[in-house]
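Data block below; observations after.
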2 protein chains.
Amino acid sequence: MEIPPVVIDRLPLYARALAALESRGREVVSSQELGQQLNVTPAQIRKDLSYFGRFGKQGRGYNVRKLLDELRRILGLNRQWKMALVGAGRLGRAILGYEGFAPQGFRIVEAFDSDRGTVGFTIAGLTIKDTADLEGVLSGSPVDIGIVAVPAEMAQDVIDALVRCGVRAILNYAPIAAHVPRGVNIKRIDPVLALQGMTYYLKNSAVGK
Amino acid sequence: MEIPPVVIDRLPLYARALAALESRGREVVSSQELGQQLNVTPAQIRKDLSYFGRFGKQGRGYNVRKLLDELRRILGLNRQWKMALVGAGRLGRAILGYEGFAPQGFRIVEAFDSDRGTVGFTIAGLTIKDTADLEGVLSGSPVDIGIVAVPAEMAQDVIDALVRCGVRAILNYAPIAAHVPRGVNIKRIDPVLALQGMTYYLKNSAVGK
DNA sequence: ATCTGTGAAGCACTTCACAGCG
DNA sequence: CGCTGTGAAGTGCTTCACAGAT
């Protein structure tokens, strides 16, 4: 069956909430309660889950542990995922130093930069390699996911190179609308776009100056 | 008229592409060409713009400069927006140091942290104030937008405080599904959720180990 | 001849509402 | 009786297709 992409995007949200419930010792939760926590309607949660199976018990709700396991299996969160970072400037270094990836199974195993002054340095335990060698390095030891943190002008070239290395998921921090072939997934992290989408609603009540 | 939220989210994308075209001296662009650059159908662009007016010339296309001005006016991008950052740890400091906000009119004018060792320090020209004083400071000199970069446990409290100070747009870097009253806009920046939404599609072709 | 602006049709996602199970 | 799972109905967004302007 073809699962709607929006559904896939909500599952990690459910998994996160369930993990929090589990760590607080909760054994059972209803779609109602989960929905309240996440600002999602109970019907939506039930429908989303129904694409993958029947995980609840009527009259009771969902076993927290079991549903969490199922979601992890569905999403592939019970694996380690290898990532390559391209771009080790300000932003790239912040990403390298980010402690939120590892606990979720996402590990940066290669980092590249094209600046002579940066290549060769070790940051957060990783030696920065030359972006020019990206294809050589990654064809020898492939990664699952690429993280792009280079300036806009270089981003498309870097993405093309990653795709040639077989990378089929890309997290793009560069402010461009990148082109990727079918079968390659790309998501944008773009705080400026997010802000610009909110100012529309603020327009008539700016704080001034 | 009530404009679909998805439309609002696309306008900044259009504005960015137009700004790039303008800087390259382009005077006119068709919905076709713009769509190709952005991976959006030409019909979608035309329909989106039609919510706000008739900006094109039949047979020719859109005047780049004029359309860009219109979009900036619609989105409120021709203003300066004042922002307060809460949380000056690793992530918060990276945000403070990010050079991408200022050129787009977004200025961080206050920064808060609750750690004794951080309060009082000056980072990127801003003196970090105590989060406990947030409401006092912001009620005296309000901001338009709040940026939340505190640990998950504190995020909801911080968001509540920001809302009490009249903030109606929040950029949330904390990994929680926050609750805000109607009329307050909140957007999440969450690389882990983005990654977890992609692994689903990778599941059957992991690179191993 | 070309490209916009837009009703109408089509599609995708969400919500309803209830049968059925525990 | 409570809560899930799910067809069916409803909503909102996207795409079509073409009249009309240049």
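Small disclaimer: the values here were computed from a predicted structure and weren't measured. A note on names: the letters A, B, ... follow the listed sequences, proteins ahead of strands, and every chain is numbered from 1.
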_So, under a plain 3.5 Å distance rule, would you say the side chain of B:Lys47 forms a donor-acceptor pair with the base of C:dG7?_
yes

*Take the protein atom OH of B:Tyr51 and the nucleotide atom P of C:dT4, then report the distance between them rounded to whole Å.*
17 Å

*asked:* Output the rounded distance in Å from CG (B:Asp48) to P (C:dG5).
replied: 12 Å

*Would you kindly compare A:Arg60 and A:Arg54 by the position of their nearest DNA chain D nucleotide and give the one closer to the 5′ end?*
A:Arg60

_d(CG, A:Leu49; C1', C:dT14) in whole Å_ = 15 Å

_What is the separation between atom CD on B:Gln44 and atom C1' on C:dG5, rounded to the nearest whole Å?_
15 Å

_Selected nucleotide, minimal atom distance to B:Ala43 side chain, candidates C:dG5, D:dC16, C:dT14_ = D:dC16

*Check: B:Gln58 side chain, D:dT22 base, donor-acceptor under 3.5 Å*: no

*Using a cut-off of strictly less than 4.0 Å, decide whether B:Gln32 has a side-chain nitrogen or oxygen near OP1 or OP2 of C:dC3.*
no

*According to a strict under-4.0 Å criterion, is A:Thr41 in side-chain N/O contact with OP1 or OP2 of C:dT14?*
no

*Return the value, rounded to whole Å, for the distance between atom CZ of B:Phe52 and atom C1' of C:dT6.*
16 Å

*Between B:Glu70 and B:Arg65, is the closest basic N to carboxylate O distance under 4.0 Å?*
no

*So which one's nearest nucleotide on DNA chain C is more toward 5', B:Gly59 or B:Tyr62?*
B:Gly59

_Distance-only donor-acceptor check, side chains A:Asp190 and A:Tyr173, under 3.5 Å_ = no

*asked:* Counting neighbours of CD on A:Glu27 that are heavy atoms of other residues, nucleotides or ligands and sit closer than 6.0 Å, is the number greater than 12?
replied: no

*If you measure from the Lys or Arg side-chain nitrogens to the Asp or Glu carboxylate oxygens, is any gap between A:Arg73 and A:Asp69 under 4.0 Å?*
no

*Does the distance from a Lys or Arg side-chain N to an Asp or Glu carboxylate O, for A:Glu99 and B:Arg90, drop under 4.0 Å?*
yes

_If the condition is side chain to side chain donor-acceptor pair (under 3.5 Å), which residues does A:Lys47 pass it with, not counting sequence neighbours?_
none

*Round to the nearest Å and state the distance from A:Arg46 atom CZ to C:dA17 atom P.*
13 Å

*Does anything in residues 2-31 of chain A reach DNA chain D, meaning a heavy atom under 4.0 Å, and if so which residues?*
A:Ser30, A:Ser31

*Cut-off 3.5 Å, side chains only: do A:Arg10 and A:Gln44 have a donor facing an acceptor?*
yes

